[in-house]
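Labels below follow one simple rule: chain letters A, B, ... track the order of the sequence lines, proteins then strands, and each chain is numbered from 1.
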Amino acid sequence: MSSQPTVKPPHYLDELNEVQRQAVTTTDGPVLVIAGPGSGKTRVLTYRIAHLIEQGSAPWEILALTFTNKAAREMKDRIAKVVGPRASNIWAGTFHSLFARILRVEANHIGYPSNFTIYDTDDTKSLLGQIIRELSLDPKVYQANAIKNRISSAKSNLITPKSYALNEELLAQDKQAKMPLVSQIYTKYVERCKRAGAMDFDDLLFRLYELLQNHPEVVKKYRQKFRYVLVDEFQDTNTLQYAIVKRLVQYEGSPRNICVVGDDAQSIYAFRGATIQNILDFENDFSQYGIQTFKLEQNYRSTETIVATANAVIGHNSRQIQKKIWSDKGHGEKIRVIREMDDNLEGRRVADTILEQKNRFHLQNQDIAILYRTNAQSRIFEEYLRRFNIAYRVYGGLSFYQRKEVKDLIAYLRLVVNPNDEEAFRRVINFPKRGIGDTSVGKVISLAGQQSMSLFDALRHVALPTRARHAADGFIDVIEKAQRKSATASAYELAEAIARRSGLLDFYRNDNSIEGMGRLENFQALLDGIKSFVEEDSVSDTENLPDKSLATYLQNIALLTDFDTEGDESKDVVTLMSVHAAKGLEFKSVFVVGLEEKLFPSWMSMDSAEGMDEERRLFYVAITRAELFLTLSYANTRYRYGKMTMNEPSRFLAEVPAEAVESTSYSRRSNDHEFDPLAQQRARVTGVVPPARLRGTAKFAEPRVDMENFQPSPSEEIVAGVRVLHQKFGEGKVTKVDGGAGNQIATIHFSDLAQPEKRIMLKFAKLQVL
DNA sequence: CTTTTGAGGGTTTTT
DNA sequence: CCCTCAAAAG
């Protein structure tokens, strides 16, 4: 909203190809965009929104739903580049965060406090475990995790506890699984969440759906508000999410300005209820309203070799929307396949290859990613990257907000904001230890159950032995004082006071172990985080004032994942993450590791055709992250639960076209000079890996050229016949140059090297003509 | 009520 | 292999 005269608007439309431009400018009516990997999907989405605003729409009329906070942030940033600070008023965010925001405003309609708690996965599991115990069921038969999935999937399919109890099919399934009482657990679970003023992740969707369903005046409000609705990664929406979106745009007299963007081939979240059926349904649901479909088929990310491989792989799936993904980036490097004897060697070989690529192609760490099927696989790669002195960051696993020490303080804060929060209560009632043990807590729980009151209220009234009573009063006092203080104090002051008065701060201060120090650091970091939340001038809504309350803070962080904790951002590090987590990202060089039957594809998915198809889509996602170099690896044996297991190579490897694979890949006795077969042997026999420094690094460590006088020449000057200087390899003679413009590869003979022939991509290499 | 010790069990993927 | 959770001792 700058009052300065608008500079000539950037010709953002010029940055688009024909189909992209149509997808951007067809603003009215239903639009379906099928977007292959690397086809400029995000660009279309962001420019479309920018275009809407340039055309006169108000930012707050636009609802853009994504799956990750990162995607939302990126979208907003990119829109801001076109339209300026107005972008901050767009309703762009994850389904969960935006819906939470609406629910906060409308909570009273559905009998929830507006400062409701959001239960994370741990809370959910803990509550389910509690209920299972209360019902005297065997926790080995009724596993909290399994029940959680069952309930989650029910909610995702719009099944309430009541309809669950009447659903013969579900009941039969439960019976078959020897868990006939899931239905009762579900009912109880929902009651308990309600009583605690808490919603789990699925509730954020389901409760909103019910709200829109049952309150005509509310749904009307949001229908009028959101004139344009966009959904990213539409193939990953579940039935419930689509039902909500439809409720918002599908009604009498609606302009039906809805745009969904997705790729059926990249649907990888069926396990949490996502269904490609939504794409097909979308076409049906809106066909009579002039739906327009655009297919983005040109891949701007990857070499032709990689695209061809991806196409060949996905071709093994049966059901898919017809499209032809293509690239004009030249063939580039072939795909390398690495086979090793065991997971340890796989780790080392990958680290080794990373080092090689960095030197040969002048890649930075941040150009490189290692992608695996399960997070547990990261460990070995971390180990070798550390040994090779390669900086890295592991994504996934537990996020900052899931650490014990962080959750402890958060639980106190949650209790201040919402004294009915049962899980928070149970977490901190006796932590730090204050002498309220299991028996006392048991009394509180049973009183709360009888009287249908909150645990916190029950604690006030329950009869306890003097000692425990005293402790309980102290605890109540801490919480109540903070509650009173919350009227005047900032979230930070409150948190700081709680940290001291609860005894948590002292507890962590007094822990002088190594881990203890780390915990204290995290604890402090949390406080700092709250402080910056309070101080930073976050975007103000046009409708609402910036909300700095503790309740808002808590609801925000409940929806953050590991990706949202910044910190080492902008550092030059190799990325390690699961394939799932890598969706939407791209790297110059990608290693897809652990390509073995029962691992990738996962054993869990192997008994059904749909499961296999999803695994294959996952593999498709993995390989299409690569721009230039793709390396696939597997090991013959691998440790699992400390036991060695034999593995067949993944069937997906056989689906990679042979002509796309580097011919030496399959041979262990490759003439790869970086490779030392003897070291390999030694490792195999002794189980000891020779120190990394002896290999790889030493070979490349000292530059053969003095950097001072080195001046890279433009790639045009690199032609067959000239003598050149390379930073690492020294002096050499170019024997030939091939590959299309922009992807030229020079073959150079460096006589100083053990293996003198090098193929170097001119795009990256720094070569000086002599 | 707290601490220690041992057995058993779990690994797909995430908001 | 590692972590969580339950029983038994302090």
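Between B:dT14, B:dC1, B:dG10, one nucleotide has an atom nearer to the side chain of A:H580 than all others, and that is B:dT14. Taking the side chain of A:H96 as heavy atoms from C-beta on, and the options B:dT15, B:dG9, B:dT14, the nearest nucleotide is B:dT15. For A:Y269, whose side chain is taken as the heavy atoms from C-beta onward, the closest listed nucleotide among B:dT12, B:dT14, B:dT15 is B:dT14.
Under 4.0 angstrom from either OP1 or OP2 of B:dT15 there lies no side-chain N or O belonging to A:Q241. Look at A:N145 and you won't find any side-chain N or O under 4.0 angstrom from OP1 or OP2 of B:dG9. The side chain of A:S578 contributes an N or O atom lying less than 4.0 Å from OP1 or OP2 of B:dT14. Distances shorter than 4.0 Å separate none of the side-chain N or O atoms of A:T68 from OP1 or OP2 on B:dT14.
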Collect all protein-nucleotide pairs involving nucleotides 2-5 of chain B in which both atoms are nitrogen or oxygen and the distance is under 3.5 Å.
| from | atom 1 | to | atom 2 | distance (Å) |
| --- | --- | --- | --- | --- |
| B:dT2 | OP1 | A:G435 | N | 3.2 |
| B:dT2 | OP2 | A:N430 | ND2 | 3.1 |

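For A:Y401, there are no ring-ring contact (aromatic ring centres under 6.0 Å, His included) partners two or more places apart in sequence or in a different chain. Taking A:D122 as the reference, A:K407 meet the salt bridge (charged side-chain N to carboxylate O under 4.0 Å, His left out) condition, with sequence neighbours excluded.
The salt bridge (Lys or Arg N to Asp or Glu O under 4.0 Å) pairs that include a residue from residues 464-475 of chain A are A:R469-A:D473, where partners are two or more places apart or lie in different chains.
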Discussion item. Counting Watson-Crick and G-U wobble pairs with both distances under 3.5 Å, what is the dot-bracket string for DNA chain B, 5' to 3', using [ ] for crossing pairs and | for pairs to another strand?
Written reply: ||||||||||.....

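Taking 4.0 Å as the cutoff to heavy atoms of chain A, we find the contact window on DNA chain C bounded by C:dC1 to C:dC2.
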